[in-house]
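Data first, discussion second: the structure below is written as C-alpha cells.
All of these numbers come straight from a predicted model, not from anything done at the bench.
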Amino acid sequence: MKRIPLHIRFMLLKMLQYAVTTSFSSFILAYLKSARSLTDSHASLMLMLNTLGAFAGQFVIGRACDRLRTHKKVFYMVFAMLVPVALILYNVQNVTLISVFYMLFGFAQIPFSVIIDTWFLDTYPGDTGTYGKMLA
C-alpha cells in the first residue's frame with residue numbers, strides 16, 4: 001500500500017483541527033447557555049476568559065515547543081489536555097468551574113492550530129509554497 005505523502009497528512013490534520021474547533025466552539029456556548037442557564041453576561045465573561053487563556057497559551061505552549069525542540073510531542077500533550085477539558089465542560093454545573101475550564105480550553109485550543117502550522121513549516125524549511133498549498 002502506498003503511503004500518504006507527508007504534506008497530505010498535514011493537510012488532513014489541519015482540516016480535522018478546523019472541523020473540530022469550529023464545531024465545538026460554535027456549539028459549546030449555546031449548549032452551556034441552554035443546559036446551564038448561563039446569562040449573556042456569563043457568556044461574555046467566558047469568551048473573554050477564553051481569549052485570555054488563548055493569549056497566555058500562545059506563550060506557554062510556544063515556549064514548550066522551543067524548550068523541547070519538538071512540535072509533535074507538544075501536539076500530543078496539548079491534545080491530551082483538550083479532550084478531558086472538553087468533556088469536563090459538558091458535565092460541570094458550577095458557573096465558576098465552567099468559566100475556568102472554558103479558559104483552559106482556550107489556553108490549549110487556539111495554540112493547537114499554531115503548533116500544526118509551525119510543525120509543518122519546520123518539516124519543510126524554506127519551502128513556504130508547500131504550506132500555502134496545504135491551506136488551499
Side-chain angles (χ1 to χ4, degrees):
M1 185 163 128
K2 188 177 179 181
R3 289 190 51 129
I4 299 172
L6 185 59
H7 70 280
I8 300 295
R9 287 189 278 165
F10 272 114
M11 184 173 64
L12 293 171
L13 182 62
K14 192 70 173 176
M15 287 173 28
L16 178 65
Q17 181 267 322
Y18 279 137
V20 169
T21 298
T22 55
S23 62
F24 185 84
S25 296
S26 63
F27 176 73
I28 190 66
L29 267 182
Y31 170 78
L32 291 173
K33 282 185 72 173
S34 171
R36 303 295 182 259
S37 302
L38 295 180
T39 65
D40 289 339
S41 297
H42 285 126
S44 298
L45 178 64
M46 285 177 46
L47 284 173
M48 181 202 64
L49 291 172
N50 184 275
T51 302
L52 287 174
F55 182 74
Q58 295 284 347
F59 292 104
V60 173
I61 293 172
R63 182 74 172 155
C65 287
D66 292 344
R67 286 204 117 179
L68 298 173
R69 296 183 183 270
T70 179
H71 293 92
K72 189 175 186 177
K73 289 179 185 176
V74 175
F75 175 84
Y76 289 131
M77 287 188 299
V78 170
F79 186 75
M81 178 185 166
L82 274 174
V83 171
V85 168
L87 292 173
I88 289 169
L89 269 171
Y90 284 105
N91 296 304
V92 171
Q93 301 292 324
N94 183 303
V95 174
T96 304
L97 286 176
I98 290 171
S99 299
V100 168
F101 281 102
Y102 199 64
M103 183 173 72
L104 284 174
F105 190 78
F107 178 87
Q109 177 195 21
I110 303 302
F112 194 66
S113 175
V114 177
I115 293 170
I116 297 169
D117 292 341
T118 55
W119 183 9
F120 184 88
L121 291 171
D122 281 352
T123 304
Y124 294 97
D127 189 9
T128 55
T130 305
Y131 177 73
K133 290 175 188 172
M134 178 191 76
L135 295 177

Give, for atom [atom1] of [X] and atom [atom2] of [Y], the distance between the pair rounded to the nearest 0.5 Å.
| X | Y | atom1 | atom2 | value |
| --- | --- | --- | --- | --- |
| Asp117 | Phe112 | CG | CZ | 11.5 Å |
| Leu82 | Met77 | CG | CE | 12.5 Å |
| Leu29 | Met46 | CG | CE | 5.0 Å |
| Leu104 | Asn50 | CG | CG | 10.0 Å |
| Asn94 | Arg36 | CG | CZ | 11.0 Å |
| Met48 | Leu45 | CE | CG | 4.5 Å |

Plane angle bin for Phe75 and Trp119 - parallel if under 30°, tilted between 30 and 60°, otherwise perpendicular: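 Because their plane-to-plane angle lies in the 30° to 60° range, the rings of Trp119 and Phe75 count as tilted.
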
Geometric class of the Tyr90/Phe24 ring pair [parallel <30°, tilted 30-60°, perpendicular >60°]: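 Because their plane-to-plane angle is over 60°, the rings of Phe24 and Tyr90 count as perpendicular.
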
Stepwise side chain to side chain contact (heavy atoms under 4.5 Å, CB included) check, Tyr18 with Lys14: CA-CA 6 Å; Tyr18 279 137; Lys14 192 70 173 176; 3.4 Å; yes

Flag if over 12 foreign heavy atoms under 6.0 Å of CZ, Arg9: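 Yes.
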
Do [X] and [Y] belong to the same hydrophobic cluster, where Ile, Leu, Val, Met, Phe, Trp and Tyr are linked whenever their side-chain heavy atoms lie under 4.5 Å apart, directly or via other members?
| X | Y | value |
| --- | --- | --- |
| Ile116 | Val60 | yes |
| Val85 | Tyr31 | yes |
| Phe105 | Leu52 | no |
| Met103 | Leu89 | no |
| Phe27 | Leu16 | no |

Side chain to side chain contact (heavy atoms under 4.5 Å, CB included) between Val83 and Phe79, worked out: CA-CA 6 Å; Val83 171; Phe79 186 75; 3.9 Å; yes

Sidechain-backbone polar pair: Thr118 side chain, Ile115 backbone, donor-acceptor under 3.5 Å: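 Indeed, once roles are kept as given, a pair shorter than 3.5 Å links the two residues.
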
Sub-4.5 Å side-chain heavy-atom contact between [X] and [Y]:
| X | Y | result |
| --- | --- | --- |
| Met81 | Val78 | no |
| Tyr76 | Lys72 | yes |
| Ile110 | Phe55 | no |
| Ile28 | Tyr102 | yes |

Steps toward side chain to side chain contact (heavy atoms under 4.5 Å, CB included) verdict (Leu13, Phe120): CA-CA 11 Å; Leu13 182 62; Phe120 184 88; over 6 Å; no

Closest contact, heavy atoms only, Ala54 versus Pro111: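 For Ala54 versus Pro111, the nearest heavy atoms are O-CG, 4.2 Å.
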
Closest contact, heavy atoms only, Ser99 versus Leu49: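 Result for this residue pair: CB-CD1, 3.7 Å.
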
